Enquirer: 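Can you read through this structure? Questions will come right after.
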Amino acid sequence: MNQPTNIQSTSIGAGVWKRFRKHPGAIFGFVIISILIILTVFAPLSPYDPEASEISVRYHPPSWSHPMGTDALGRDLFTRALYGGRISLTVGLLVVIISVTIGIPTGALAGYYGGKLDGILMRITDAFLSLPSFLVLILLSAILREVEIPLFERNNVLTISLVIGVFAWTTFARLVRATFLTLRETDFVAASRALGGSDLRIMINHILPNSIGPIIVEATLEFGYAIIEESGLSFLGFGIQPPTPSWGNLLSNAQEHFTKYPWLAIFPGLMIFLSIISINYIGDGLRDAFDPYKVLEKVGEF
Amino acid sequence: MSILLFALVNLAPGGPLSGQGQSRHIDPTKVELLKRQFGLDKPLPTQYLIWLIGNDWMQIDKNGDGILDSYGARQGILRGDFGFSFRSRQPVLTEIGQRLPNTIYLTVVTMLVAVLIAIPIGIISAIRQYSTFDITVTTFSFAGQAIPEFWLGLILILVFYAWLKNPFTGEPLLPPGGMTSVNSVGFDLGDRIIHLILPVLTGALGWVAWYSRFLRSSMLDVIHQDYIRTARAKGLPNWKVLYKHALRNALVPLVTLLALDLPYIFGGAIFVEILFSWPGMGRLYYQAALDRDYPILLAVLIIGASFIILSNLLADIVYAYLDPRIRFE
């Protein structure tokens, strides 16, 4: 009895992959991001220490031994950028996990049960949406910068991810709620209910899979936003605190003397730029791939 | 929402005064005095109430000696009084008033430039879909949306200030920041424009990318509608179809989008202002966050949030006005 559904679901996955492969931008993004991930994973193989200074090689321009040059303390910028990449990519991943964990249940409950619960949950969502979120992020991280709670010391990866994630879940909540609103009255839901399916089972097994496409697309884009927001915060000095490198604080450090030592400003920004453009392309490819009937471009939904 | 923000600030470790004693040692009795003067010795709900509706109806301790001696002068944010900046001791609204015009000046120019560039790009790439122009522009707009503003600004300064020189004087081609030259006297339009180029470029690129992509897709949507075919069929010249029938309708969503982006004019582009030392709201907020100047932070957030709510409302109204098919119950 399960056989047909299995065949069906694998063919959906295969179809998505097939269409995804045909999107040149998506493949470009996929390749770049894979290279970045592999490089950052193997960052410890670098012969240089990301945090120890080596005064004899201060401000060396890019060369074979230092592909991105060295900084004011003689640290190899390439190594630091790779370690920074670990931070940025981890923050991106954590933010997606956090925002999905808050957003999906919120949207599901609101859409499935409707009524008062929906009203309350959506007012909360609206409140979050009406805040100038980046300014609030600045305020929050400025406050948390001096906190010494275990696990959350001085704006580490976890703190920053939490702060960003707490303001990122609203998109998921709205998305999931919309699916639940349209699908809760359908026949297959009624059928499952008639067979004695519990609310939880209906929500997770029958309705949620229908919104998995948009959720994945949105999660990809959120991954990118999170990286931008983290580097923005770190650039302002409210994010990841030096000496731990992150793309944002590398740029921020470069600011002082970057007209004299331009590589300090060029490379970390290039890393951010490359990863964001790759992620956006992947998101674009996924959106097309999940929507086979799409002829025209979808009009600006955000 | 206001409770949320207020709680956030006051429950923060160290409390609202912590920003003041970081750099040097402050006599604890002085801190007590300050606390009484700012009314920080009262319980939080009372503080919240004072913040909201003011304290001119109650006795306060003005000189901090522990004795209630006069009526308060604060009117509360509901009556437009956001209190005093901890740092400058000036009313928050005065501080904001000094910065707001600069930010509006910069953001309005930025938005105008962005829209003026984005509209033709969007139109051309829609009517020449999949042409070389379209593909180039689409690629560029993808890139434009992925460039972080703070990096773009640095690169532009690098190129136009550090590398490119004015061929006649040998001075940097464009100034790296500020609104006017230090030694400029009076109003000098040329000087103003020169100082605008880099910040506006930095700020506008993302908007250009975003608006042109948006217009392209809404234009594509419209072009394939039946009434466009009808207009063509009845023999109207191509440009007339495009501008009178297609563009007008394609602009409706863009105008709505513009209305939604209005809060940006208030908040300003924080990175642009910091990079180009532009004395606007963004830098005010940044400085206040560094100093933990909570009255300013809260005021900017509250006003910003109100702007967002208002602009959402405005977008709905504009949309309904421009598109007669939409009616709100």
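Here the structure is a predicted model, which is why all the values come from computation and not from measurement. So you know, we letter chains A, B, ... as the sequences are listed, proteins then strands, and number each from 1.
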Enquirer: Mind checking the CZ-OG1 spacing from Phe28(A) to Thr139(B)? Nearest 0.5 Å is all I need.
Expert: 10.0 Å

Enquirer: Out of curiosity, Leu139(A) CG to Leu301(B) CG, how far, rounded to the nearest 0.5 Å?
Expert: 6.0 Å

Enquirer: Select, from Ser252(A), Ser278(A), Ser231(A), the one with the greatest count of heavy-atom pairs under 4.5 Å involving chain B.
Expert: Ser231(A)

Enquirer: With a 4.5 angstrom heavy-atom cut-off, which part of Tyr286(B) approaches chain A: side chain, backbone, both or neither?
Expert: both

Enquirer: Would you find more than 12 non-hydrogen atoms of other residues, nucleotides or ligands less than 6.0 Å from Arg174(A) atom CZ?
Expert: no

Enquirer: Kindly say whether Ile266(A) contributes a backbone atom to a donor-acceptor pair with the side chain of Trp151(B) at under 3.5 angstrom?
Expert: yes

Enquirer: Looking at Ala289(B) and Ala142(A), what are the two nearest heavy atoms and their distance?
Expert: O-CB, 3.9 Å

Enquirer: Under 4.5 Å from any heavy atom of chain A, what part of Phe271(B) do you find: side chain, backbone, both or neither?
Expert: side chain

Enquirer: Restricting to ring pair (Phe, Tyr, Trp, His ring centres under 6.0 Å), what partner residues turn up for Tyr161(B), sequence neighbours left out?
Expert: none

Enquirer: With a 4.5 angstrom heavy-atom cut-off, could you sort out which part of Ser311(B) is near chain A: side chain, backbone, both or neither?
Expert: neither

Enquirer: Go through it in stages, so that I can follow the logic: the residues are Phe150(B) and Ile272(A), the test is side chain to side chain contact (heavy atoms under 4.5 Å, CB included), and I'd like the CA-CA distance, side-chain angles, deciding distance and then a yes or no.
Expert: CA-CA 11 Å; Phe150(B) 42 92; Ile272(A) 304 177; 4.0 Å; yes

Enquirer: Please determine, among Asn280(A), Ile279(A), Leu274(A), the option with the most heavy-atom pairs under 4.5 Å with chain B.
Expert: Asn280(A)

Enquirer: Measuring heavy-atom distances to chain A, does Ile147(B) have an atom under 4.5 Å in its side chain, in its backbone, in both, or in neither?
Expert: both

Enquirer: Which atoms of Tyr281(A) are under 4.5 Å from chain B, going by heavy atoms: the side chain, the backbone, both sets, or neither?
Expert: both

Enquirer: With sequence neighbours left out, which residue pairs that include part of residues 145-156 of chain B fulfil the salt bridge (charged side-chain N to carboxylate O under 4.0 Å, His left out) condition?
Expert: none

Enquirer: For chain B, find its close neighbours in residues 118-126 of chain A: heavy-atom separation under 4.5 Å, sorted by number, or none.
Expert: none

Enquirer: I'd like to know which of Ile228(A), Leu236(A), Leu251(A), Ile138(A) tops the heavy-atom pair count under 4.5 Å against chain B.
Expert: Leu236(A)

Enquirer: Given that the side chain runs from C-beta out, which part of Ile274(B) has a heavy atom under 4.5 Å from chain A: side chain, backbone, both or neither?
Expert: side chain

Enquirer: Roughly how far apart are Leu275(B) CG and Phe235(A) CZ, rounded to 0.5 Å?
Expert: 4.5 Å

Enquirer: Indicate yes or no: at least one non-hydrogen side-chain atom of Phe142(B) is less than 4.5 angstrom from one of Asp284(A).
Expert: yes

Enquirer: Hey, what do you get for CD (Gln145(B)) to CD1 (Ile276(A)), rounding to the nearest 0.5 Å?
Expert: 11.5 Å

Enquirer: Applying ring pair (Phe, Tyr, Trp, His ring centres under 6.0 Å), name anything that partners Phe30(A), two or more places apart in sequence or on another chain.
Expert: none

